[in-house]
Protein chains: 2
Amino acid sequence: MAVTIYDVAREANVSMATVSRVVNGNQNVKPATRKKVLECIERLGYRPNAVARGLASKKTTTVGVIVPDISKSYYAELSRGIADIATMYEYNIILSNSDKRATREVELLEDHLGKQVDGLIFMSDSLSDEIRAEMATANVPIVLAGTLGDNTDLPTVNIDHEEAAYEAVKKLIDNGHERIVHVSGPMSRDINRLCKKVGYERALKEAGLPIIDEFFIETDNTYDDAYEKWAVIRELEEKPTAIFAGNDEIAVGVLNGIRDEGFSVPEDYEVICFQHTLLSRAVRPQLTAIIVPLYDLGAVSMRLLTKLMNGEEVEDVNVILPYHKEVRQSTK
Amino acid sequence: MAVTIYDVAREANVSMATVSRVVNGNQNVKPATRKKVLECIERLGYRPNAVARGLASKKTTTVGVIVPDISKSYYAELSRGIADIATMYEYNIILSNSDKRATREVELLEDHLGKQVDGLIFMSDSLSDEIRAEMATANVPIVLAGTLGDNTDLPTVNIDHEEAAYEAVKKLIDNGHERIVHVSGPMSRDINRLCKKVGYERALKEAGLPIIDEFFIETDNTYDDAYEKWAVIRELEEKPTAIFAGNDEIAVGVLNGIRDEGFSVPEDYEVICFQHTLLSRAVRPQLTAIIVPLYDLGAVSMRLLTKLMNGEEVEDVNVILPYHKEVRQSTK
DNA sequence: CTGAAAGCGCTAACAC
DNA sequence: GTGTTAGCGCTTTCAG
């Protein structure tokens with residue numbers, strides 16, 4: 001049996017209330033008493049039981065994080081931002097992978113809530129009706145990180161993907177391109193369907209360029225799929241001269257497709273993408289990209305959550321973070 | 001106030017013990033009663049409080065995971081393996097980043113233990129005396145994943161990095177190389193110092209080749225540092241003809257250094273490395289590599305932990321997983 | 001500044 | 001099959 005607050009109290013000849021006070025840094029303890037208690041704690045090797053504390057105080061100092069897949073560097077980086085701020089505010093994190101499956105997401109949310117997390121950060125492709133309903137029953141704050149909260153009043157932290165996509169495509173257009181392919185991630189993902197694609201089309205329209213259906217290539221967001229999609233691009237009736245990729249992994253897939261067949265970038269094709277990983281800089285030519293502040297997305301989400309958990313009034317619960325564009329060798 | 005087991009009991013006209021039984025799937029409940037209780041649970045939206053349960057049962061069904069840095073794909077991949085098996089056995093995961101700082105590691109361990117985790121998976125570069133001492137006080141099983149447990153009797157799951165390194169270097173030697181540089185991660189990391197470097201030297205010795213101090217290049221394990229280290233390699237008195245890199249990120253750094261100066265791989269230099277990420281396949285030329293089964297390392301660690309938590313007798317608590325070599329374009 | 005006492009919501013004997 | 005009754009280890013009034 002582990003040593004409890006009661007053991008310490010007996011050893012120190014005080015009540016457990018006093019021990020509790022010193023453990024919790026309550027100032028209403030005579031220094032001498034505090035010292036005595038601290039010694040006993042040390043001597044007995046007392047370790048406060050956070051579960052008991054959680055039950056009594058109704059606060060667990062842990063927050064839930066539901067993420068599609070932690071092995072994807074996009075989410076890993078974001079999670080690190082969350083974790084660092086969590087640490088700063090002395091929260092632990094319960095981390096679960098949903099694989100974006102709606103039923104799994106609901107299970108996990110239910111599960112985390114049962115574990116009495118003080119708050120929750122949720123990431124996904126889109127919000128199913130079930131998850132919205134489940135979230136509505138939650139009695140703790142929930143923040144959506146890098147996830148569109150459309151039609152909900154949930155707090156969110158994002159970048160303006162549409163504007164970023166617009167800017168990326170605009171860059172290509174300014175470089176003289178008229179036939180630009182958009183190699184996208186899955187349309188099931190709100191950010192792809194509602195933001196990146198829309199920004200792409202807006203840039204085209206604004207420049208008076210036609211939106212060609214065949215120029216929209218959907219991938220499953222993997223390198224390998226993108227690599228294979230090059231064959232599709234190559235066979236296009238109308239020959240494109242530039243590529244706007246949804247992220248760098250996709251971009252590198254296409255890039256390698258292009259180069260493995262003897263074409264070159266940026267001479268034959270210019271390429272621009274969203275940067276999520278080191279890949280953008282590690283390939284040759286290095287990719288011109290929209291830099292997504294993943295770490296910050298996580299950090300700001302967690303910071304927002306701490307405010308919410310703390311009952312602070314937050315002026316705007318829909319935060320938009322800045323991004324920037326870095327021009328490298330894949331564009332002229 | 002959330003609805004409790006007591007509310008359900010009252011509503012269903014049974015005792016809280018009965019409600020507890022149906023919630024926990026205990027068979028000793030008449031089907032009719034079960035049905036009635038289930039309905040009330042549904043109607044009231046009852047969600048069992050895992051904290052109270054944890055306090056009463058002394059089991060939290062959560063395990064701690066202490067990882068150097070989840071944003072590194074090495075650990076992210078490994079953690080996914082852990083998480084999947086954890087899910088399978090209905091455990092949650094508390095995930096914390098240590099940044100490999102010994103004091104932080106001790107704090108975290110203490111913290112997780114305080115949260116009453118049922119078990120713990122630990123990853124680090126090496127085990128400090130403090131962490132060993134702290135681990136000794138733990139009353140729950142701890143598994144080291146991808147971390148050398150040298151001189152401890154802690155359960156571990158690893159691959160044979162020394163043998164793998166030996167094999168990689170042997171491949172280079174077999175290809176006719178006599179001057180092979182080892183671009184390593186930090187020596188502070190046991191796996192680098194005690195395994196990869198040793199395997200490298202063993203292969204050299206066995207082939208009657210000299211071990212040249214200057215041919216050992218230490219990096220901080222980042223792409224950028226490795227990229228810069230190329231300048232060092234280039235200026236070497238004795239000119240090497242092959243590179244053995246500690247991982248693919250390093251390898252790509254060196255590779256880009258080589259290629260950005262107009263040399264080529266594998267013609268001028270052959271390169272081999274340990275593969276941790278997609279990078280190995282995404283660069284050109286693709287890298288010949290030792291494939292490290294990161295996901296499995298995590299999965300097997302967690303599986304082992306479940307056995308330990310379950311009090312099962314485990315024949316061998318030091319598991320060595322197989323790896324394999326994949327020959328690609330960076331070697332001839 | 002310190003102590004006593006009442007829970008927090010649930011599990012786990014132990015009765016019936 | 002079902003109910004009763006102790007706790008689990010701590011926080012938190014409320015007294016003093």
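Chain letters run A, B, ... following the sequence lines, proteins first and then strands; every chain starts at 1.
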Under-4.0 Å salt bridge between [X] and [Y]:
X        : Y        : result
B/Arg101 : B/Glu105 : no
B/Asp153 : B/Arg132 : no
B/Glu110 : B/Arg104 : no
B/Asp125 : B/Lys100 : yes

Just checking B/Val23: base, sugar-phosphate only, or nothing, at a heavy-atom cut-off of under 4.0 Å? nothing
Can you work out whether A/Tyr6 or B/Gln27 has the more 5'-proximal nearest nucleotide on DNA chain D? B/Gln27
[N] [atom2] sits how many Å from [X] [atom1], rounded?
X        : N      : atom1 : atom2 : value
A/Arg10  : C/dT2  : CZ    : P     : 20 Å
B/Asn28  : C/dT11 : CG    : P     : 15 Å
B/Asn13  : D/dT4  : CG    : P     : 11 Å
A/Arg21  : C/dG3  : CZ    : P     : 8 Å
B/Ile41  : C/dG9  : CD1   : C1'   : 14 Å
A/Leu55  : C/dA6  : CG    : P     : 17 Å
B/Met16  : C/dT11 : CE    : P     : 8 Å
B/Lys115 : D/dG9  : NZ    : P     : 18 Å

Return no unless some side-chain N or O of [X] is found under 4.0 Å from OP1 or OP2 of [N].
X       : N      : result
B/Tyr46 : C/dC10 : yes
B/Asn24 : C/dT11 : yes
B/Arg53 : C/dG9  : no
A/Ser57 : D/dC10 : no
B/Ser20 : C/dC10 : no
B/Ser15 : D/dT2  : no
B/Lys58 : C/dA12 : no

Has B/Arg80 got its NZ or CZ under 6.0 Å from the middle of the six-membered ring of A/Tyr75, at an angle within 45 degrees of the ring axis? no
Six-ring centre of B/Tyr46, B/Arg10 cation under 6.0 angstrom, axis tolerance 45°: no
Return the nearest nucleotide to the side chain of [X]; candidates are [options].
X       : options              : answer
B/Thr18 : C/dT2, D/dT4, D/dT2  : D/dT2
B/Asn49 : C/dC10, C/dT2, D/dT2 : C/dC10
A/Thr4  : C/dT2, D/dC10, D/dC8 : D/dC10
A/Ile5  : D/dT2, C/dT2, D/dC10 : D/dC10
B/Ala56 : D/dT2, D/dC8, D/dC10 : D/dC8

